[in-house]
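Throughout, protein chains are lettered first and strands after them, A, B, ... in sequence-line order, and every chain is numbered starting at 1.
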Number of protein chains: 2
Amino acid sequence: MTRNADADRPYHHGDLRAALLGEAERTLRDRGIDALSLRDLARQADVSHAAPRRHFADRQALLDALAEAGFTRLADEVRAAIDDAGQDYQARLRAAATAYVRFATRDRALLDLMFGAKNDESPGARYGTPERLFTIVGDLVRQGQQAGQLPPGDPEPLRLLLVATLQGVAMLITSGLVGASQIEPLIADAVAVFARV
Amino acid sequence: MTRNADADRPYHHGDLRAALLGEAERTLRDRGIDALSLRDLARQADVSHAAPRRHFADRQALLDALAEAGFTRLADEVRAAIDDAGQDYQARLRAAATAYVRFATRDRALLDLMFGAKNDESPGARYGTPERLFTIVGDLVRQGQQAGQLPPGDPEPLRLLLVATLQGVAMLITSGLVGASQIEPLIADAVAVFARV
DNA sequence: ACCTGAACACCGTTCAAGT
DNA sequence: ACCTGAACACCGTTCAAGT
């Protein structure tokens, strides 16, 4: 039995890299990181087990790419939620937190990967680049300062603290430590803390 | 070549479970979770590769036990730091945050494991039990309320938010998103947020 | 009760060779 | 440039058998 019943399958896949990444995202979401194997992805893409090597040097490179795509999508979703929330600072803050938590709930294993410490390399080694997400959160902090709901001064520590809070809240939820019923009040309290008049 | 040059090695190990757990903790700390293998641990404990099965049904059970021990140790260290900090609420809060971050820095892979979503089981499935840590943080919140530095009312959402903040701050640091120089001001800001007069 | 040794089905990674 | 097929060294897990 060949790998494919279709005898016309071309030698070249076409866009193997994108196919592998898409399938990897789904597997990560549905079955967790332990179920993610290069050989299995190759099987699903109907190529030999060594073919992915052209596109991802090793498993680590695949995880890096997944985290990178994750940060891009998280930034997109938070950005869109803020834009949809109108001009009020507190509404935007609540929208950002809600979008963040929603992403975490849908893609918990991906979020673990994005914020997890890398195993092998130098102390600062990371998966993916969260710069854009950080910029978006920084804009929110500046707006809060202009609205007089955050203390003035260097926005940097507040920005870090807000990212940390979003991430911490999301983690409490995805790790199962906080039940669904507690999500709303938890976000409300977080917003209150970052919007004291 | 036998597994052991010592011909007097007894058939029974004595306390294989504890030996495996100790070695697993060290491996997790030094080489990350990917380097953690039951076969390797068995080799280091000088038993056959199937011997660990008596003590840990599978790899997941080992990870569960590691997370459990991690939560116990984290609670111990935070508790001790708070007790050493005297009676002032802000000093205790700062001590708790510092101890938490220190734990995270020393055992980043373990913390990822403790707060990571489990891959295989039901939605609420978790590694380890953080109840004692939560109780300690809850006591801190109640003290803050009594000191008039936290809003009165149900301490539960504030407790969750404080745990989330501690965890989020620690994660920003262990994931390499925040450099060592930013740790102090980040903790200071977090304390300020949870101690507004 | 606790451990051994062989076996099975899976990996990631490498590399010469094919198209 | 991209992919195949065989090979190697590793896993987790199972199970009959030993002490």
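- Of the residues near DNA chain D, A:Ala51 and B:Ala57, the one whose nearest nucleotide (by heavy atom distance) lies more toward the 5' end is A:Ala51.
- Counting to the nearest Å, the C1' atom of D:dC11 and the CG atom of B:Asp58 are 14 Å from each other.
- In this structure, the CZ atom of A:Arg54 is 13 Å from the P atom of C:dA16, given to the nearest Å.
- Residues passing the salt bridge (charged side-chain N to carboxylate O under 4.0 Å, His left out) test with A:Arg59, sequence neighbours excluded: none.
- Taking A:Glu23 as the reference, A:Arg26 meet the salt bridge (charged side-chain N to carboxylate O under 4.0 Å, His left out) condition, with sequence neighbours excluded.
- Every residue meeting the salt bridge (charged side-chain N to carboxylate O under 4.0 Å, His left out) condition with A:Arg142, not counting sequence neighbours, appears here in chain and number order: A:Asp139.
- For A:Arg106, the side-chain contact (heavy atoms from CB on, under 4.5 Å) partners at least two apart in sequence or on another chain are A:Arg102.
- Put simply, CG on A:Leu36 is 17 Å from P on C:dC10, counting in whole angstrom units.
- Side-chain contact check for B:Arg53 versus B:Asp58: every heavy-atom pair is 4.5 Å or farther apart.
- With sequence neighbours left out, B:Gln182 forms a side-chain contact (heavy atoms from CB on, under 4.5 Å) with A:Glu156, A:Leu160, B:Val178.
- The distance between atom CZ of B:Arg43 and atom C1' of C:dC3, rounded to the nearest whole Å, is 17 Å.
- Among the protein residues, A:Arg59 comes within range of the sugar-phosphate backbone only, with heavy atoms under 4.0 Å from sugar or phosphate atoms but none that close to a base.
- For the pair A:Asp34 CG and C:dC11 C1', the computed distance is 12 Å after rounding to whole Å.
- Toward the 5' end of DNA chain C, the nearer of the two residues A:Arg53 and A:Asp40, judged by each one's closest nucleotide, is A:Asp40.
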### Watson-Crick or G-U pairs under 3.5 Å in DNA chain C, rendered as dot-bracket with [ ] for crossing pairs and | for another strand
||.|||||...|||||.||
Atom pairs, N/O to N/O, protein against nucleotides 6-9 of chain C, distance under 3.5 Å?
| unit_1 | atom_1 | unit_2 | atom_2 | d |
| --- | --- | --- | --- | --- |
| C:dA6 | N6 | B:His49 | NE2 | 2.7 |

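- Going from atom CG of A:Leu38 over to atom P of D:dC3 covers 14 Å, rounded to whole Å.
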For residues 71-80 of chain B, tabulate all N or O donor-acceptor pairs below 3.5 Å that involve a side-chain atom, not counting sequence neighbours.
| unit_1 | atom_1 | unit_2 | atom_2 | d |
| --- | --- | --- | --- | --- |
| B:Thr72 | OG1 | B:Glu68 | O | 3.2 |
| B:Arg73 | NH1 | B:Glu77 | OE2 | 3.3 |
| B:Arg73 | NH2 | B:Asp107 | OD2 | 3.2 |
| B:Asp76 | OD1 | B:Arg132 | NH1 | 3.4 |
| B:Asp76 | OD1 | B:Arg132 | NH2 | 2.5 |

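- Evaluation of the side-chain contact (heavy atoms from CB on, under 4.5 Å) rule for A:Pro185 yields no partner, not counting sequence neighbours.
- Looking at A:Phe194 and A:Leu161, their side chains come closer than 4.5 Å, going by heavy atoms from C-beta outward.
- Regarding B:Phe56, its CZ atom lies at a distance of 13 Å from the P atom of D:dT13, rounded to whole Å.
- Atom-to-atom, NE2 of B:His55 to P of C:dA1 comes out at 13 Å; the value is rounded to the nearest Å.
- At C:dC3, none of the side-chain N or O atoms of B:Ser48 fall inside 4.0 Å of OP1 or OP2 (strictly under the cut-off).
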